[in-house]
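Below is one structure, written out as structure tokens; comments come after it.
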Number of protein chains: 2
Amino acid sequence: MDHTLLVLGLLKLEEMHGYQLSDLIDKRLKYLTDLKKPTLYHLLGKLEQAGAVTQSVSRAGNRPERRTYRLTAVGEKQFRALLRQNLQDAPAAYFNDDIGLLFLSEMPAAEARALLEQKRAAVDARLAEIAQGVAAHDANSPAYYTLRHHQLHLLTEQTWLAELLAQLKKRAVREDILACLAAIESAAAVPAKTRRRKI
Amino acid sequence: MDHTLLVLGLLKLEEMHGYQLSDLIDKRLKYLTDLKKPTLYHLLGKLEQAGAVTQSVSRAGNRPERRTYRLTAVGEKQFRALLRQNLQDAPAAYFNDDIGLLFLSEMPAAEARALLEQKRAAVDARLAEIAQGVAAHDANSPAYYTLRHHQLHLLTEQTWLAELLAQLKKRAVREDILACLAAIESAAAVPAKTRRRKI
DNA sequence: CCTTGAATAGTCCATATTGACTATTCTAAA
DNA sequence: TTTAGAATAGTCAATATGGACTATTCAAGG
């Protein structure tokens, strides 16, 4: 599991206590994963039980006690194995967006377009944010890798949305024409007197 | 949650029993999600409790009984809401690969390259598979959307891996040179006699 | 000096997810 | 014809995840 790789790797770089790890992941590594605090503590507990990390309780002043975790030799071995796996494998990726697309035909094209435009705006915004990060970081730094990777995928998403919206525009036009024809037909079916009333 | 959207949407298209749904998702929709059977049954139970679907038990021959699920009006409303949300939102995406990249410097560049080459091969293979699917499907069909979307992201991944491997190649060369220099230096530090022995 | 809000450090309980299992029926080959 | 394996239909127990909570400390303003 990749949460494990992350935690072991961070502890390899430097021993840390739970909150430090959690804070680091939330703030500096927010593009990497969204590992939450309770999940992290759960994982640390398991790792300790497995002997991959050791805990040392301490307290500074009157603050709540802090359990500082340090990587053991076992943990280091596990880290290497997981890292190799991670670099080697290309696990299947899933996109939530695809589920919505599956049911695109259950909704008028015009409405779908409006909604997807909002999605596009959100992607654009995120892209702008990332572009800043990419510019700020030295190529070759680990943070750069993550940002650049995200940037590429967001650009892809942009392209994809553009393609999709173009298709949808065509479909919307077709639906409009059909609706128009249907209206004319039903109007023709109504007796002449009734029609006049409405005019 | 998008599993819910998927299940409601499928039941909107056609009433189905649990195993049918599960089979459909496993086989035809394998690019969409990897919703597992127990998760599906759990979800169906919840949806029934919430009144979004109704269950009707039946049996054909001597087979185990089948619970056939049908969408209710409540379920349909929920479906629409979730679909709108899904089309509108652009949730943050995370890539497992990034976690490995974070620790790339913990490993000699040469080894990392070998591993990443395997990843690349896997991506290439998947891409070939998808290209077939894209060619086989009518543009505009829902399946086409999914496949095309995946294709674009896999192409991005290919580009990304190429970029990364090029960088790593440079780093490997640098590391080689450094190792070489270090070897020379340590050889120079050894007294002359000892050095001769080794030759 | 007191209070309010952020930061620190972590826990609880409810929910979601899944590997492994049960149990029956069909199918096709030995 | 029997028997091994795939398909059908689902369940169980264990694990992972996350929203909401506790409890303390610090910093700054009124």
Side-chain angles (χ1 to χ4, degrees), chain A residues 1-8 10-11 14-30 32-50 52-53 55-70 82 91-92 94 96 99, chain B residues 1-8 10-11 15-30 32-50 52-53 55-70 82 91-94 96 99:
Chain A
M1 206 144 293
D2 292 306
H3 287 160
T4 306
L5 173 58
L6 179 62
V7 169
L8 291 178
L10 292 177
L11 289 178
E14 186 171 12
E15 77 180 52
M16 276 189 267
H17 56 89
Y19 189 78
Q20 245 176 85
L21 266 171
S22 173
D23 206 47
L24 180 63
I25 291 171
D26 274 12
K27 295 190 179 144
R28 283 192 158 39
L29 305 180
K30 66 172 168 231
L32 261 187
T33 183
D34 65 341
L35 183 61
K36 301 288 199 305
K37 240 183 324 164
T39 309
L40 173 65
Y41 280 105
H42 175 68
L43 184 54
L44 283 171
K46 269 198 349 171
L47 287 175
E48 198 204 356
Q49 226 203 319
V53 303
Q55 215 188 54
S56 66
V57 176
S58 73
R59 67 186 338 146
N62 229 353
R63 299 196 139 284
E65 57 179 28
R66 302 193 297 191
R67 299 121 182 239
T68 300
Y69 294 93
R70 178 202 305 273
L82 288 175
Y94 300 100
N96 288 332
I99 295 181
Chain B
M1 204 144 297
D2 290 306
H3 287 160
T4 306
L5 173 59
L6 178 61
V7 169
L8 291 177
L10 291 176
L11 289 178
E15 77 178 53
M16 274 188 270
H17 55 91
Y19 189 78
Q20 245 175 87
L21 266 172
S22 172
D23 205 48
L24 179 64
I25 291 171
D26 274 11
K27 295 191 179 145
R28 284 192 158 38
L29 306 180
K30 66 171 169 230
L32 261 188
T33 181
D34 66 342
L35 183 61
K36 302 284 198 309
K37 241 180 328 161
T39 311
L40 172 64
Y41 280 105
H42 175 68
L43 184 54
L44 283 170
K46 272 199 345 175
L47 288 174
E48 198 204 355
Q49 226 202 320
V53 303
Q55 214 187 56
S56 67
V57 176
S58 73
R59 70 188 333 148
N62 227 354
R63 297 196 139 286
E65 55 179 30
R66 302 192 301 192
R67 298 120 181 239
T68 299
Y69 294 92
R70 177 200 307 271
L82 288 176
Y94 300 100
N96 287 331
I99 295 181

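Below, chain A is the first sequence line, B the second, and so on; all start at residue 1.
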5'-most contact on DNA chain D: A:Pro38 or A:Met1, nearest heavy atom basis? A:Met1
Round to the nearest Å and state the distance from A:Asp34 atom CG to C:dA16 atom P. 16 Å
For B:Leu35 versus B:Ile25, what's the shortest heavy-atom pair and its separation? CD2-CD1, 3.7 Å
Of the candidates D:dA9, C:dG19, D:dT17, the side chain of B:Lys36 sits closest to C:dG19
Euclidean distance, A:Leu40 CG relative to A:Tyr19 OH, rounded to 0.5 Å: 12.0 Å
Residue whose closest nucleotide on DNA chain D lies nearer the 5' end, B:Arg67 versus B:Asp23: B:Asp23
Value in whole Å for how far the C1' atom of C:dT17 lies from NZ of B:Lys37: 14 Å
Separation of C:dT17 P from B:Asp2 CG (nearest whole Å): 11 Å
Ignoring backbone atoms, test whether A:Tyr19 places a side-chain nitrogen or oxygen under 4.0 Å from the OP1 or OP2 oxygen of C:dG10. no
Between B:Met16 (CE) and D:dA9 (P), how many Å, whole number? 13 Å
Measure CG/A:Leu35 against C1'/D:dA16 and give the value in whole Å, please. 11 Å
From A:Lys37, A:Lys30, A:Lys36, residue fulfilling salt bridge (Lys or Arg N to Asp or Glu O under 4.0 Å) relative to A:Asp34: A:Lys36
Out of the candidates A:Leu44, A:Leu10, A:Val7, only one should pair with A:Tyr69 under the side-chain contact (heavy atoms from CB on, under 4.5 Å) rule; please name it. A:Leu44
Grab the NE2-P distance between B:His42 and D:dA9 for me, whole Å please. 23 Å
Grab the CG-P distance between B:Leu21 and D:dA7 for me, whole Å please. 19 Å
Euclidean distance, atom CD of residue A:Glu48 to atom P of C:dG10 [Å, nearest integer]: 12 Å
Among D:dA9, C:dT18, D:dG18, which nucleotide sits nearest the side chain of B:Thr39? C:dT18
Quick one: label A:Lys46 by what it contacts on the DNA or RNA (base, sugar-phosphate, nothing), any heavy atom closer than 4.0 Å. sugar-phosphate
With rounding to the nearest 0.5 angstrom, report the CG to NE2 distance, A:Asp23 to A:His17. 9.5 Å
